Amino acid sequence: MTEELPDLSELQHVRLEKSAALRAQGLNPYPLRSHRDGMTTDVAALVEAAEAGDAAAAEKVLTLAGRVVSVRDMGKTAFAHLRDGEGQVQLYVRRDELGEQAFEDFLRLVDLGDIIEATGTSFRTRTGEPSLRVSGYGMLAKALNAPPEKWHGLQDVEQRYRQRYVDLIANAEVRDVFRMRARIVSAIRQYLDGLGYIEVETPVLQPLYGGAAARPFTTHHNALDQIFYLRIADELYLKRLIVGGFERVYEISKDFRNEGIDRNHSPEFTMLEFYEAFADYNIVADRTRELVQSAAAAAFGGLTFTSNGREIDLSGVWPKITLADAIFEASGIDYVKYPDAADLIAVARKAGADIETGTVWPRVVDELLKQFVRPNLIEPTFLINYPVQLSPLAKRIPDDPTHVERFQLYIGGSELANSFTELNDPIDQWRRFREQQADREAGDADAMPLDEDFVNALMYGMPPTGGVGIGIDRLTMLFADQATIRDVVLFPAMRRIDRSSRQDDDDSTTDDAEGALE
RNA sequence: GACCCCGUAGCUCAAUGGCAGAGCACCGGACUUUUAAUCCGUUGGUUCUCGGUUCGAGUCCGAGCGGGGUCACCA
């Protein structure tokens, strides 16, 4: 034990002295165990039972444990609120019931934010609030930091993200968002498990990345002396499992993309992907709708909700409209008639689009979608059938080999899901990878590298398969009505603060240090 | 990466270029059914950092750090 102390503020010193006062009384401010045998929510139930004539309920002695979130000192009596994982309840503390010393210490040594346990019986105060009449209490964890201001909570956005624990203590609505997120994920697992899907885990560290158009993070393995990429998608590994004979697989996991950060993009984000053998994108569309509907039921208990001030109804079957029709209806442009990028840009500008000269053809189509169609897709809508250039892993439509069987689901103006009838012709797949290679060599950093092993897998035969990726963060944003992805990610990526520890990203130094420990 | 905005007490926020303040929290006192308890009295500051202009800078100027927003990239 050392006498050394971290730098503490005056307020922290005050609390530390209270901690010392407890020790001076032979009490441990951080005991190993609590004696909790009830939850805050039990109190209201006991009060109601007692009022219905249950004498045992009125006398039932409970020990609750949790955080002190308010204290009102009335002189010879005091009120406090105790919060635990279920809710919060009022404590009623009387000097004549607790004894002089214990009562004084409650007011003198217990601060807002401390974790305590309190024992007593349940009753209703004059103002009608179910409360615990405290006969004894104990410190479980002395808090040295004071909680944020009780009325305004924690407002500073930076501190809310960097120190989410404070945000969660201070802001009930933040706790609600992440509880909702957990219910959404749980409902998704239930839905897929119920259909006989198995949940699998595929590599995060990949020698070759693929499955999406994005730039990866790069890392290095010491023993192998080899570069690994953090995965940008699960797709190619999950389809290998379909080849292997698992007919229904899904994975809920973090993907990592080395792109800009904004309200819709986080460098690490959670993706659900599922693949079903002997299915196509129509079956997957049905599954996606049912999955989103069951997630909604778990999230807010219904199929209608408000997002960004707009009422959205998820019930019924959702309309499907081809990308070409949607763009034509919104802009009057039939992009199929303009196979040359320059021509398409010209008509797009005439229609009012803002597109840079030199944009490649598939990106122009994408811009038409973004600028004319997407803002109006509030009610759930499947946009189907995309140009083949935008979709190197999807199967062509027999009647129209320039397009593939692919859908994107839009709700509230946001893209929530991306799906295709999976390409299973190994030679066609190999050629599409080659085209991506050409794009890479032409300078498109997002084009996919050629995955020989994936082509080899397809050569063993992959059944006709439908698959989809669904962004869990965006689904949560939609259902929880949150405007930025950081508000549905517990610990969003932030820039490092400590400038003195910054060392020009010298990986070898840290690698050696870690290796020496092993 | 570019542009715009922001950074003041533990928290929430004020302060024409002229003594750095309030509410909550904290500390002391009064009060045996309060609930944003109330009442009385205190305490608390590297105004993000460094430099400049000025008799005088929280305020104006420059650079940096961090955050937010818009755009670009992307899902």
Side-chain angles (χ1 to χ4, degrees), chain A residues 8-15 17-18 69-81 88-98 103 107-108 111-113 123-129 131 133 143-163 166-167 169-171 211-216 232-233 255-271 273 354 356 359 363 366 370 374 408-410 414-418 444-446 469-475 477 483-486 492 494-500 502:
Chain A
L8 296 178
S9 70
E10 187 184 339
L11 264 57
Q12 289 171 321
H13 271 293
V14 168
R15 285 166 175 253
E17 280 159 20
K18 294 179 181 185
V69 294
S70 67
V71 177
R72 291 174 295 284
D73 170 13
M74 304 293 296
K76 296 187 175 61
T77 181
F79 296 88
H81 273 97
Q88 64 178 45
V89 74
Q90 181 168 261
L91 304 179
Y92 179 51
V93 187
R94 290 173 61 100
R95 179 180 181 168
D96 54 10
E97 292 193 32
L98 214 49
F103 183 77
L107 294 177
R108 194 169 57 95
D111 287 306
L112 293 183
F123 77 112
R124 198 184 285 278
T125 61
R126 186 188 293 164
T127 52
E129 180 163 350
S131 305
R133 186 185 299 265
L144 296 186
N145 286 332
E149 206 246 12
K150 60 186 170 188
W151 190 239
H152 299 93
L154 182 67
Q155 297 296 319
D156 183 80
V157 174
E158 182 175 356
Q159 195 185 351
R160 288 186 47 228
Y161 297 153
R162 288 191 191 274
Q163 305 180 355
V166 187
D167 192 28
I169 289 170
N171 297 320
R215 293 159 71 177
I232 59 171
D255 288 347
F256 305 85
R257 298 188 186 175
N258 208 338
E259 311 278 1
I261 299 175
D262 63 30
R263 63 171 57 191
N264 289 309
H265 301 266
S266 173
E268 56 177 315
F269 62 102
T270 302
M271 180 87 102
E273 290 191 34
D354 178 20
E356 281 181 36
T359 305
R363 292 275 307 140
D366 203 38
K370 274 185 195 169
R374 192 194 292 182
Q408 290 187 321
L409 169 63
Y410 287 87
S414 170
E415 181 198 335
L416 277 188
N418 184 27
D444 181 355
D446 293 344
I470 299 175
I472 300 299
D473 311 280
R474 289 193 179 171
L475 190 62
M477 285 170 67
T484 87
I485 196 169
R486 290 186 187 88
M494 301 287 275
R495 189 183 296 272
R496 175 167 55 192
I497 291 179
D498 186 3
R499 194 183 171 204
S500 61
R502 187 173 302 177

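Remember, it's a predicted structure, so these values are computed and weren't measured experimentally.
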Using a heavy-atom cut-off of 4.0 Å across all strands, would you classify [X] as base, sugar-phosphate, or nothing?
{"X": "A/Arg124", "value": "nothing"}
{"X": "A/Gly471", "value": "nothing"}
{"X": "A/Ser266", "value": "base"}
{"X": "A/Met271", "value": "nothing"}
{"X": "A/Gly153", "value": "sugar-phosphate"}
{"X": "A/Ala170", "value": "nothing"}
{"X": "A/Arg162", "value": "sugar-phosphate"}
{"X": "A/Asn418", "value": "nothing"}
{"X": "A/Gln12", "value": "nothing"}
{"X": "A/Arg160", "value": "nothing"}

side-chain contact (heavy atoms from CB on, under 4.5 Å) partner of A/Thr77, chosen from A/Glu97, A/Arg94, A/Arg95: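 Only one of A/Glu97, A/Arg94, A/Arg95 forms a side-chain contact (heavy atoms from CB on, under 4.5 Å) with A/Thr77, namely A/Arg94.
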Between [M] and [N] - [atom1] atom distance, rounded Å:
{"N": "B/G52", "M": "B/G44", "atom1": "P", "result": "31 Å"}
{"N": "B/A37", "M": "B/C4", "atom1": "C1'", "result": "45 Å"}
{"N": "B/C48", "M": "B/A57", "atom1": "C1'", "result": "16 Å"}
{"N": "B/U32", "M": "B/G23", "atom1": "C1'", "result": "28 Å"}
{"N": "B/U16", "M": "B/G58", "atom1": "C1'", "result": "14 Å"}
{"N": "B/U47", "M": "B/A20", "atom1": "P", "result": "11 Å"}
{"N": "B/U8", "M": "B/C27", "atom1": "C1'", "result": "23 Å"}
{"N": "B/C5", "M": "B/G62", "atom1": "P", "result": "11 Å"}

Contact nearer the 5' end of RNA chain B, comparing A/Glu10 with A/Ala213: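 Between the two, 5'-proximity favours A/Glu10.
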If I take atom [atom1] in residue [X] and atom [atom2] in nucleotide [N], what distance separates them, rounded to the nearest angstrom?
{"X": "A/Lys150", "N": "B/U12", "atom1": "NZ", "atom2": "C1'", "value": "13 Å"}
{"X": "A/Arg126", "N": "B/A37", "atom1": "CZ", "atom2": "P", "value": "18 Å"}
{"X": "A/Leu154", "N": "B/A25", "atom1": "CG", "atom2": "C1'", "value": "14 Å"}
{"X": "A/Tyr161", "N": "B/G66", "atom1": "OH", "atom2": "P", "value": "18 Å"}
{"X": "A/Ile169", "N": "B/C11", "atom1": "CD1", "atom2": "P", "value": "14 Å"}
{"X": "A/Arg363", "N": "B/A75", "atom1": "CZ", "atom2": "C1'", "value": "12 Å"}
{"X": "A/Leu8", "N": "B/G10", "atom1": "CG", "atom2": "P", "value": "13 Å"}
{"X": "A/Leu112", "N": "B/C24", "atom1": "CG", "atom2": "P", "value": "13 Å"}

Which atom of A/Ile485 lies closest to which atom of A/Met477, heavy atoms considered: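 Looks like CA-SD, 3.6 Å.
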Nearest heavy-atom neighbours spanning A/Ala233 and A/Arg257: CB-NH2, 4.2 Å
To the side chain of [X], which of [options] is closest?
{"X": "A/Met494", "options": "B/G69, B/G67, B/U34", "answer": "B/G67"}
{"X": "A/Val14", "options": "B/C26, B/U32, B/C11", "answer": "B/C26"}
{"X": "A/Arg486", "options": "B/G68, B/U12, B/C27", "answer": "B/G68"}
{"X": "A/Asp446", "options": "B/C26, B/C73, B/C24", "answer": "B/C73"}
{"X": "A/Lys18", "options": "B/C26, B/A75, B/C11", "answer": "B/C26"}
{"X": "A/Leu11", "options": "B/C31, B/A25, B/G69", "answer": "B/A25"}
{"X": "A/Arg133", "options": "B/U34, B/U33, B/A75", "answer": "B/U33"}
{"X": "A/Glu149", "options": "B/U70, B/C11, B/A75", "answer": "B/C11"}
{"X": "A/Glu259", "options": "B/U33, B/C73, B/A75", "answer": "B/C73"}

Pairing partner (Watson-Crick or G-U wobble, both distances under 3.5 angstrom) of B/G66: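 The answer is B/C6, by the H-bond criterion.
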Counterpart base for B/G1, defined by Watson-Crick or G-U wobble contacts under 3.5 Å: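 Partner of B/G1: B/C71.
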Between the base of [N] and the side chain of [X], is there any donor-acceptor pair under 3.5 Å?
{"X": "A/Arg94", "N": "B/U32", "answer": "yes"}
{"X": "A/Thr125", "N": "B/U34", "answer": "yes"}
{"X": "A/Asp262", "N": "B/C73", "answer": "yes"}
{"X": "A/Gln90", "N": "B/U34", "answer": "yes"}
{"X": "A/Asp73", "N": "B/C31", "answer": "yes"}

Any A/Leu8 side-chain heavy atom under 4.5 Å of A/Arg15 side chain: no
Side chains of A/Phe256 and A/Pro267 in contact at under 4.5 Å (non-hydrogen atoms): no
Does [X] reach the main-chain N or O of [Y] with its side chain, forming a donor-acceptor pair under 3.5 Å?
{"X": "A/Asp255", "Y": "A/Phe269", "value": "no"}
{"X": "A/Asp167", "Y": "A/Tyr161", "value": "no"}
{"X": "A/Ser70", "Y": "A/Ala80", "value": "no"}

A/Arg215 atom CZ, over 12 foreign heavy atoms within 6.0 Å: no
Compare side-chain N and O positions of [X] against OP1 and OP2 of [N] and report whether any pair is under 4.0 Å apart.
{"X": "A/Arg72", "N": "B/U38", "answer": "no"}
{"X": "A/Arg215", "N": "B/C73", "answer": "no"}
{"X": "A/Arg95", "N": "B/U33", "answer": "no"}

